[in-house]
Structure formats: structure tokens, C-alpha cells
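Remarks on the structure that follows.
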Amino acid sequence: MLEVLYRERNTVYGGGNESAAGPASRPWTTHQQEWGAQVEATTCGSVIGSPEETGGSTGSSAPRGEYGQYLSRNPAELDDVVARVQLDGPDTFLAAARRAKQAQREWSRVPAPVRGRVVAGFGRLVEANKQALAGLVTREIGKPYTEALGEVQEIIDTCDYFVGEGRRLYGQTVPSEMPDKQLFTFRAPVGVAAVITAGNFPVAVPSWYLAPALVCGNAVVWKPAEYAAATARALAELAWRAGVPAGALNLVYAEGQPTFEGLRAALEDGAVDKVGFTGSSDVGRDIGELCGRHLQTPCLELGGKNPMVVAADAELDLAVEGALFSGWGTGGQRCTSLGNLIVHRDVHDEFVSRLDTALREATIGNPTQDVLYGPMLDRKFADGFESFLEEIAPHHRVLGSESTGRITDSNPRKGFRGDHSTGLYYHPVLVDGLRTEDTLFRRETFGPIVGVTTFETLEEAIELGNMPGYGLSAAVYTTDPGTAFRFREGIGAGMVSANNSTSGAEAHLPFGGNGRSGNGSRLSGMWVIDQFTRWQSLNWDFSGKLQKAQMDVGAVEPQLDYRLPTELRGHR
Ligand code: UN1
């Protein structure tokens with residue numbers, strides 16, 4: 001494989017065979033008017049090794065798919081089946097991990113700068129397919145197209161960053177305590193990374209794992225969300241065609257429980273060395289427990305109940321804009337979505353009234369159009385959101401729309417863009433009068449609902465922000481730098497914004513949470529390198545004899561009883 005990379009560095013994976021048409025190669029999304037269900041459903045199956053090894057361009061060879069078929073539907077057009085997903089079980093996950101283990105040895109021997117070039121190619125291919133990939137994101141999970149373009153841009157940014165890391169991955173030279181001895185540190189790849197991702201950021205978040213894992217010399221088994229299966233396949237296809245060798249990136253389609261069993265088997269088998277998981281706090285806890293038994297520390301990126309504090313001196317229109325985007329953008333289905341608004345008593349009425357107006361005027365509807373948000377990602381998220389709507393209580397004041405619940409003919413939304421009857425569309429909800437004991441205050445709701453509570457002192461605001469126990473993202477709107485810095489110090493979030501929304505992490509800043517949001521691991525930028533490498537030290541002794549550390553070390557004895565003489569003293 002090394003030779004192939006060197007001799008045929010311009011040859012794309014699979015020899016540039018255009019007939020191996022994955023979803024990304026279909027130019028169906030370049031113009032707005034081409035949106036629609038004229039594109040047939042693709043079949044997605046697990047890929048172990050490479051699509052060719054697995055058998056067929058869709059990777060859907062028998063006997064895979066023995067765990068049934070999942071239909072990944074366009075949530076804005078439920079009749080539009082985007083992918084028929086052949087679901088596999090624990091054995092497939094284990095087989096993929098073993099195949100990755102085999103490939104990893106060779107991949108780790110490819111010099112890091114060359115691995116970086118593969119990531120460069122990946123980024124360029126994503127860029128060349130930007131509209132097609134963003135279009136697929138919109139079609140499969142209903143994310144508004146402009147946001148989907150931003151999501152794809154996040155992959156490009158991530159690849160751009162890690163191309164350079166291929167030429168860095170620095171170790172250190174360190175002086176020894178003995179002569180004729182030199183110490184060094186090296187970053188060694190961890191081995192096989194099992195990456196399990198959610199579908200709300202179906203390509204950007206996976207790229208946060210894939211690009212650094214690969215550049216550091218690891219092989220990957222990626223289990224994407226089944227409701228974003230085609231999008232995952234498209235991204236993997238671009239990675240393979242960028243030159244990621246067979247077995248270094250494997251794709252497994254499976255539901256949660258079989259994935260967990262497969263992961264357990266792979267850990268027991270010694271075929272997985274690192275787990276990366278983006279998803280719910282509950283599943284993150286189970287994965288953490290499982291990894292702990294194997295003395296592994298997973299990289300966990302979990303939920304959030306991200307607070308936004310609006311201080312009395314805040315620019316209210318700016319805060320309203322930030323709340324609207326982070327609370328209801330993507331239908332509130334980002335990990336970084338705004339959870340609780342914590343508003344100073346003096347500006348509460350004015351802020352809530354402006355936000356209510358903004359929300360009533362916001363356009364909701366077809367995600368191919370200019371809308372604040374489109375449908376829920378998938379039926380299970382719609383169901384989950386409905387159960388949170390039941391938490392609305394008599395002590396709450398419900399604002400933001402003419403109604404709550406699913407948008408239907410009998411429960412319409414003014415100004416809805418498109419046809420509400422074809423998709424999983426929900427009214428936006430603003431709940432004023434939240435109490436700290438409310439479930440709506442304490443739990444991540446993952447839908448277009450935000451609650452409001454009030455505060456008087458900054459200490460109180462910080463306490464309210466920390467109370468639900470998550471710690472992913474937080475924001476404060478204030479014109480006083482002192483308030484912003486004190487908030488930063490007190491809030492337990494991994495990511496803090498001053499005068500910007502709770503969303504909008506950039507690709508080269510540490511991303512991750514504390515408490516219910518994660519175990520302190522960080523993705524992105526130089527910080528994620530510590531997830532995908534292990535420090536190794538080298539002691540190199542060229543003295544020709546055994547020099548024993550701590551024992552054969554030269555010593556200089558200080559005269560500890562020495563005191564400065566009178567003429568060198570400032571006083572008697
Ligand atoms: C996520 O929701 O898992 O900051 C990731 C943001 C995006 C990433 C969110 N750049 O909202």
C-alpha cells in the first residue's frame with residue numbers, strides 16, 4: 001500500500017471508476033429547482049475494507065443486512081426515501097474492527113506528511129462536492145440548505161487544519177539528568193478508533209474524528225446514525241477516493257444495541273483502542289462504563305442544556321438575534337442549541353416581548369428555502385420532542401407561535417413556507433416562567449423549545465446556568481467586559497461566548513463538555529491530537545555503560561547555611 005501511495009499518488013481510489021456511483025456523484029442538487037424526489041433511494045450497507053472488497057459500489061453484499069432494513073426518509077417529504085439501509089449486527093462491527101486493526105499497521109507506517117496529503121485530498125474533494133453533499137444533508141435530515149453548506153464548510157476547515165498537522169505532530173527533545181544520554185518524546189497512533197456519531201451534524205462532526213484520527217495514523221470503524229445513512233456513505237466515499245486505503249476507514253450500519261454489543265466484542269477482542277462517541281448523555285454513560293472496564297478513556301461529546309444569560313446592560317436586539325438562531329435554528333437539534341434563557345429582571349419583559357415578536361415573524365418550513373428551521377431530523381426526534389411538550393405546565397406562559405405541537409391543517413403556522421403536510425414540522429415554543437424544578441429547565445429537549453427564567457445578581461445567573469449539570473456551551477450578552485470574564489470563570493461549560501450565540505464553534509477551537517455533556521475530552525484543533533495519539537518517550541543512552549536514573553546522577557551541594565554578609569545587606 002505504501003508503494004501504491006508513492007507511485008500512484010495522483011490515482012484516485014478505485015482507479016477513478018466513475019461507475020461506482022455513490023450518492024455524492026449524483027449532480028442532483030446544484031440548483032434549487034432540482035430539489036425533489038426524482039432521485040431514487042440509494043442502498044446503503046456496511047463497508048468493511050473497501051467497497052470493492054465488500055462487494056459492490058453500495059457495499060451492500062450478502063450476508064449483510066441480517067438485522068433488517070431501515071428506510072431513511074426525507075423528513076420534509078416523508079414519501080421520499082433517501083436510503084434503504086441494510087442494518088448489521090455485532091459480528092459485522094467486530095469484523096470491521098479486526099479489518100481496521102489489520103490495515104492500521106500499514107497506514108501508521110505511511111509518513112505523517114503523506115497521510116496529511118490524503119486528508120488534503122479529502123478536503124479538496126469535499127469542497128468540489130460541496131453543493132451536492134450539502135444538498136444531501138438537507139434532503140436526508142432536513143437541515144436548511146444554507147446551514148448545510150456551513151456544515152460542509154466545517155469539514156473543509158477541519159481538513160485544512162489537519163493537513164498541517166501531518167507536518168507537525170511534534171515530539172520533543174528533552175535533556176537527560178545524565179551525560180551521554182538523550183531523551184525524546186513521540187506521538188504514537190492509538191490504533192483503531194471506533195467512531196459512533198449522531199445525525200444532527202451528519203458530516204461535520206464525523207470529520208472532527210476522521211480527519212485527526214487518520215492523520216495521526218489510526219484506522220477507523222465509523223458507525224453513523226441510520227437516519228443519516230446516505231450522507232455518511234457520501235462522506236466515506238469522498239474519503240476513500242481521496243486515498244484513504246482499504247480497511248483504514250470502515251463503515252458499519254447498525255442500530256444502537258447491536259452496535260454496543262459489537263463494541264463490547266471488539267474491545268474484548270483487543271480490536272478497538274479508542275472510542276469516539278457523539279450522542280446522548282445516557283448512551284455516553286454506558287459507553288464510558290464499557291470503556292472503563294477495558295481501561296480506555298473514550299472521547300465523549302454528549303448533550304447540552306446550554307444557558308444564555310442576558311444581562312441588564314445587554315444590547316437586547318443582538319441578544320434576541322442570538323437567542324433566535326441558537327434556540328430555534330436547526331429546530332433546536334444541535335448539541336450547542338440554546339437550552340435556558342436566564343434574563344435579568346430589569347430587561348425580562350422587554351427582551352421576552354422582542355423575542356416573542358421575532359419568533360412569530362420567523363419563517364419555518366421547507367429546508368430548501370430560506371427558513372429559520374425545517375422539520376425534525378427524523379420521526380424519533382419528533383416523538384421525543386412531543387413528550388417534552390407535555391411538560392408545559394399551567395405556571396408557564398407559552399409564546400412564540402399561535403399554537404404548539406405539529407404544524408397541520410388544523411394547527412397551522414402563519415407564514416409557513418412550503419407544504420407542512422409532507423413533513424415533520426413543529427411550532428416554535430418559548431416558555432416563560434420556568435422554575436428550576438421543571439423538567440424543561442433541567443433536561444436537554446432537542447427540539448424548537450426554549451424556556452426563560454430570571455436573575456438579579458451575576459452569581460445567581462451563573463448558578464442557574466450550571467444547575468442542570470451539563471457543561472457544553474454557554475453565552476452571555478453584556479456590554480461590561482467584567483461581567484463577561486466573571487461569567488466565563490464561573491460557568492462550567494467547555495465553550496463560552498460573549499455577545500454571540502451558544503452555537504457556532506469554529507473548527508480549530510477545543511470542542512467538548514463537562515458534567516452531563518462529556519468527560520472532559522476535547523475535539524478539534526491541536527487538542528484532539530491527544531485523543532488520537534499516545535505519548536511515547538525514548539531514552540537513548542550512548543555512554544556505553546548502564547547509567548541508573550536518580551542514582552548515577554551528579555549532584556551539586558548548595559551551602560544552605562550561607563547568609564548574606566553585612567556589606568551585602570540592605571539593613572543591619
Ligand atoms: C453538535 O451539535 O454536535 O457550534 C456540533 C455548532 C457547530 C457544531 C455543533 N459548529 O453549533
Side-chain angles (χ1 to χ4, degrees), residues 126 134 137 141-144 146-161 195-212 222 224-225 227-228 231-232 235 276-281 283-284 298-308 321-339 372-373 376-378 381 384 444-448 450 470-475 493-514 516-519 521-525 527-528 531:
V126 171
V137 169
I141 62 154
K143 182 174 285 196
T146 40
E147 273 190 64
L149 285 170
E151 160 147 14
V152 175
Q153 185 58 44
E154 206 161 342
I155 310 172
I156 300 164
D157 298 344
T158 298
C159 289
D160 282 353
Y161 183 90
V195 174
I196 302 165
T197 51
N200 59 336
F201 275 83
V203 280
V205 170
S207 80
W208 294 354
Y209 292 101
L210 300 189
W222 177 26
Y227 61 90
T231 311
L235 187 72
F277 171 72
T278 294
S280 72
S281 303
V283 176
C299 181
L300 299 176
E301 200 258 279
L302 311 176
K305 187 70 183 175
N306 309 301
M308 179 183 286
E321 206 186 344
L324 194 67
F325 173 70
S326 57
W328 291 273
T330 328
Q333 300 166 104
R334 303 180 197 128
C335 308
T336 54
S337 287
L338 166 61
L372 175 62
Y373 69 89
M376 301 301 287
L377 302 168
D378 182 68
F381 293 95
E444 179 182 40
T445 47
F446 222 72
V450 176
Y470 293 82
L472 185 62
S473 172
M495 197 162 79
V496 185
S497 287
N499 300 318
N500 203 322
S501 81
T502 54
S503 294
E506 298 190 27
H508 51 290
L509 261 193
F511 187 97
N514 309 313
R516 294 172 64 91
S517 296
N519 57 350
S521 51
R522 295 291 179 266
L523 285 163
S524 295
W527 300 273
V528 70
Q531 295 293 323

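Counting convention: from 1, in listed order, for ligands and their atoms alike. As the structure is a prediction and not an experimental result, all values here were calculated from the model. Heavy atoms only: backbone and side chains are in, while hydrogens, waters and symmetry mates are out.
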task: Would you confirm whether Ser280, through its side chain, and Val283, through its main-chain N or O, come within 3.5 Å as a donor-acceptor pair?
output: yes
- request: Look at the rings of Phe446 and Phe381 and say which category their plane angle falls in: under 30° parallel, 30 to 60° tilted, over 60° perpendicular.
  value: tilted
- request: Determine yes or no for a side-chain-to-main-chain donor-acceptor pair under 3.5 angstrom, with Lys143 supplying the side chain and Asn200 the backbone.
  value: yes
message: Tell me whether Tyr161 contacts the main-chain N or O of Ala507 through its side chain, where contact means a donor paired with an acceptor under 3.5 Å.
response: no
task: With sequence neighbours left out, write down each residue that passes side-chain hydrogen bond (donor to acceptor under 3.5 Å, both in side chains) with Gln531, or none if nothing qualifies.
output: Lys274
message: Pairing donors with acceptors under 3.5 angstrom, does anything connect the side chains of Ser281 and Glu444?
response: no
Protein residues having a heavy atom less than 4.0 Å from any atom of ligand 1: Glu154, Asn200, Phe201, Val205, Trp208, Glu301, Arg334, Cys335, Thr336, Ser503, Gly504, Ala505, Phe511
